[in-house]
Amino acid sequence: MSIGLSFTGKIDSPQALLEAAKALAEERKYHLAAGEGGMKVAMCPLGGELGILWKPEGGPAGPWLARGGCVSTPAGAGFHRAAAELMETVVGVEMAWNGSEGAVGSGAGTPGYHLAGGFSGPMVQVADRFQEDMAGENTGQAGEDTGQIPGESPGQAGNVTQPSHPQAFSLDYVQLHDLAENDHQTWLADYMEGQVPVNSNEYTGKFQGYNLIFLTAEGFSTYAIDPELTPTLYHLSHSGFVFENYYVPLWQTSTSDGEYINCTGLIPDGQYSMRKSADNNMAYTLPRFFAEEGVSSFAYHNNSLTYYDRYLTHPNLGYDFKACRLGELSEEEWGDKIFPMEHPNAWPASDLEMMQGTMSEYLNLERFHVYYMTVSGHMNYDFSGNAMSGKNREAVAELPLSENARAYLACNIELDKALEYMLEQLKEAGQLERTVICLSADHYPYGMTEEQYEELAGKSLKEGLDQYRSSLILWNAGMEEESVHITKACGSMDILPTLLNLFGFSYDSRMYAGRDIFSDREGMVIFNDRSFVTDALVYRKGKDPIWLQDEFGSWIVPQEGREDYLAERKKEVKDRYQFSAYILQENYYEDVFQAVQPMGEPGKS
C-alpha cells in the first residue's frame with residue numbers, strides 16, 4: 001500500500017516553525033534534521049517521514065512559501081494521521097483525514113489529507129510530486145522532472161496512476177495444508193498464507209505485449225562498461241532503467257546458481273540448484289507466462305548441450321534450448337538442438353557468433369521471448385589461453401593496466417559486439433521498438449584476485465559488500481529520452497518478479513524470494529553467507545553493520561530502532577532462504593499449482 005499527503009502554503013517565519021518542530025520531536029522521540037531551506041522529521045523507523053521546504057515569497061521578512069508532504073513504506077494511514085497531528089501542532093492548522101487506506105492517486109475517492117485552516121490553499125497531491133518538488137527546490141528547478149523514481153523510500157516507485165491490486169493468485173489454503181505431507185510443506189503453507197502480496201504499481205504492464213531478450217552474461221561486471229571500448233554496453237546501461245544499487249551475489253555453483261536465481265527468483269539451495277530443479281514443476285518461470293499468451297520461448301548457450309545439464313533444466317523451465325556443441329549427446333537424437341557457429345570449439349566461444357547463428361530463428365515471429373547464457377567473458381583472463389581476449393587484444397593494447405585487467409576488458413568487447421549486432425538485427429526486422437533487453441551477470445569475475453579486481457575498478461572494493469555491486473540492464477528503445485534512475489537496493493533475485501510486473505502478467509508475488517523492484521517494499525539483497533543489504537543497512541556477517549543515511553544526511557533508521565530493525569531483517573533473510581530451499585526440495589510449486597483457484601479481474605478472487 002502506498003499512501004501520502006502533500007501540501008503548499010505560507011508561513012510567517014521558518015524559525016518559529018523549526019522551534020516548534022524541535023520541541024515536539026524531543027517530546028515524542030522523533031528524529032529531526034534541518035537546514036537553511038527545510039527540515040525533515042523521521043517519525044517511524046520503517047521509513048515514515050514528514051518533510052517541509054520553505055523560501056521567502058518576497059524578502060526575508062516574509063511571508064514565506066512552504067511546501068511539504070509525507071511518504072512512507074508500510075507505515076500506512078496511522079503514520080499519515082500522526083503526520084497531520086504534527087502539522088496541526090507545529091503550523092497551527094487543522095488537517096482532516098479524507099478517505100481510507102489505499103493507493104495514492106488523483107481521482108475521486110483518493111485517500112489523503114486536506115487543509116482545513118489558514119495554511120493557504122487545500123491541495124492534495126500524490127507523494128511523488130512532493131518528492132520531485134523537493135529535488136527541484138534543492139537544485140533551483142522546482143517541479144522539474146528529475147528522471148528519478150520518487151516514492152516512499154529511496155528509489156521506490158510511488159506514482160500509482162491506476163487502481164492498484166495485490167499481485168497474487170487466489171489460493172485454496174485449506175487444500176494447500178491438506179496436500180502437506182511433512183513439516184517442510186506445512187511450513188511453506190503457513191509461510192505463504194502469512195505473506196502480504198506486493199501491490200501493482202505505475203510500471204505494471206508498461207511492456208505488456210512486448211518481446212523480451214534476457215541475457216545472463218558470464219562474469220559480467222560494471223567495470224567492463226566503457227564508453228570507448230564497450231559503447232553498446234555503455235549506452236544500454238546508462239539509459240532505460242538505471243539501477244544505482246544493484247548487486248549480484250556469488251553462489252556455490254557460480255554460473256549455474258547465478259542462472260538459477262536470475263530465472264527463478266529463488267535463492268540457490270546449496271550446490272547445483274538448477275540441476276535439482278530439472279524434475280520439478282517450474283510453473284512460475286517467464287516461459288510459462290509467455291506461453292499463456294501464445295508466445296514461444298527460446299534459449300541459447302555457446303557451449304555444449306550437456307554442460308550443467310542444461311539440455312534437461314532449460315526445457316523444464318519452458319525454453320526450446322539449443323547450444324553450439326553436443327557434449328556427450330548423440331547427433332542422431334540431438335542434432336536439431338545445435339545452432340551453427342563458425343568457431344564452436346573456441347574457448348571461450350564468441351557471443352557475437354552465437355547471435356549470428358540464432359537470431360534468424362525468431363526475428364520474424366510476431367512475438368518472442370529469448371534467453372541467452374553468454375560465455376565470452378569466462379576466465380581465465382590472459383592472452384594465451386582466452387580466445388576472446390586474444391581476438392580483441394589490439395583494442396586494449398595501449399591501456400595502462402595489467403595483462404589480467406586488459407584481457408578481461410578484451411573478452412567483454414566480444415559481448416559488446418554481440419549486443420551491437422543484436423540491436424542492428426532487431427532494427428532491421430522492425431522489432432527494436434517492441435523489444436525489451438534485460439542483462440545481468442551470473443557472478444562478478446571471481447577469476448581475478450581482489451587486487452586485480454580493484455585495479456580494474458580503479459578503487460577499493462573492501463567497503464561493505466561493494467565487491468558484488470554490478471549493473472542491471474533493463475532497456476527499451478522507447479525510453480531513450482526518459483531514463484529512470486532507481487536508487488533502491490536490489491539484486492538478481494528481484495529480476496523475475498520485476499519482469500513479470502513490467503510485462504503485465506497476472507502472477508503471485510509470494511512465489512519468489514525476490515520482489516518487484518518497482519513495488520513499495522523495502523529493497524533487500526541476500527548473499528550466500530546470509531549477509532544482506534537493505535535501503536537502510538549493509539550487514540556483512542562477522543562485521544559491524546553499516547547504517548545508511550538519506551539524502552538529507554539523516555540516519556534512515558534512528559539509533560533507538562536499530563536493534564529491532566536488525567533482528568527483523570535477519571529473520572526475514574532466514575525465512576526467504578528457507579522458503580527457497582523448501583520450494584526446491586519439496587517440488588512445492590506442484591502443490592501450489594493444484595491449489596490455485598480460477599481468477600477474475602486482477603486483484604479479485
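Tyr577 carries Arg530 over the face of its six-membered ring, with the cationic atom under 6.0 Å from the centre and within 45° of the normal.
With Asp416 contributing its side chain and Thr232 its backbone, the two residues share a donor-acceptor pair below 3.5 Å. Checked by atom type and distance alone, the side chain of Ser200 pairs as donor or acceptor with a backbone atom of His165 at under 3.5 Å. Side-chain atoms of Asp226 come within 3.5 Å of backbone atoms of Leu229 as a donor-acceptor pair (strictly under, hydrogens ignored). Between the side chain of Asp442 and the main chain of Gly219, a donor-acceptor pair closer than 3.5 Å is present. Between the side chain of Asn528 and the main chain of Trp251, no donor-acceptor pair closer than 3.5 Å is present.
More than 12 heavy atoms of other shown residues, nucleotides or ligands fall within 6.0 angstrom of atom CG in Asp529. Summarising the local packing, CG of Asp466 is surrounded by more than 12 heavy atoms from other residues, nucleotides or ligands at distances under 6.0 Å. Environment of CZ in Phe593: sparse, with no more than 12 heavy atoms of neighbouring residues, nucleotides or ligands closer than 6.0 Å.
Residues Tyr319 and Tyr371 place their aromatic rings such that the two centres sit under 6.0 Å apart. Taking the ring centroids of Tyr223 and Tyr453, they lie under the 6.0 Å cut-off. In this structure, the ring of Tyr582 has its center no less than 6.0 angstrom from the ring center of Tyr191.
Side-chain contact, Glu218 with Thr255: a donor N or O sits under 3.5 Å from an acceptor N or O. For the residue pair Glu244/Thr487, the side-chain donor-acceptor check at 3.5 Å is not satisfied.
The aromatic rings of Tyr284 and Phe169 sit tilted relative to each other, their planes meeting at an angle between 30° and 60°. Ring geometry, Tyr507 versus Tyr512: the interplanar angle falls from 30° to 60°, so the pair is classed tilted. Between Trp334 and Tyr311, the ring planes are perpendicular. Angles over 60° get that label, and only those under 30° would be called parallel. The aromatic rings of Phe290 and His369 sit parallel to each other, their planes meeting at less than 30°, with 60° as the upper class boundary. Between Phe241 and Phe518, the ring planes lie tilted relative to each other; the angle falls in the 30° to 60° range. Below 30°, between 30° and 60°, or above 60°: for Phe339 and Tyr300 the angle between ring planes is above 60°, a perpendicular geometry. Taking the six-membered ring where tryptophan is involved, the planes of Tyr444 and Tyr446 are perpendicular, since the angle between them exceeds 60° and thus also 30°. Below 30°, between 30° and 60°, or above 60°: for Tyr210 and Phe207 the angle between ring planes is between 30° and 60°, a tilted geometry. Ring orientation note: the planes of Tyr234 and His238 are close to parallel, at an angle under 30° on the 30°/60° scale.
Using a 4.0 Å cut-off between charged nitrogen and carboxylate oxygen, Asp336 and Lys322 do not count as a salt-bridge pair.
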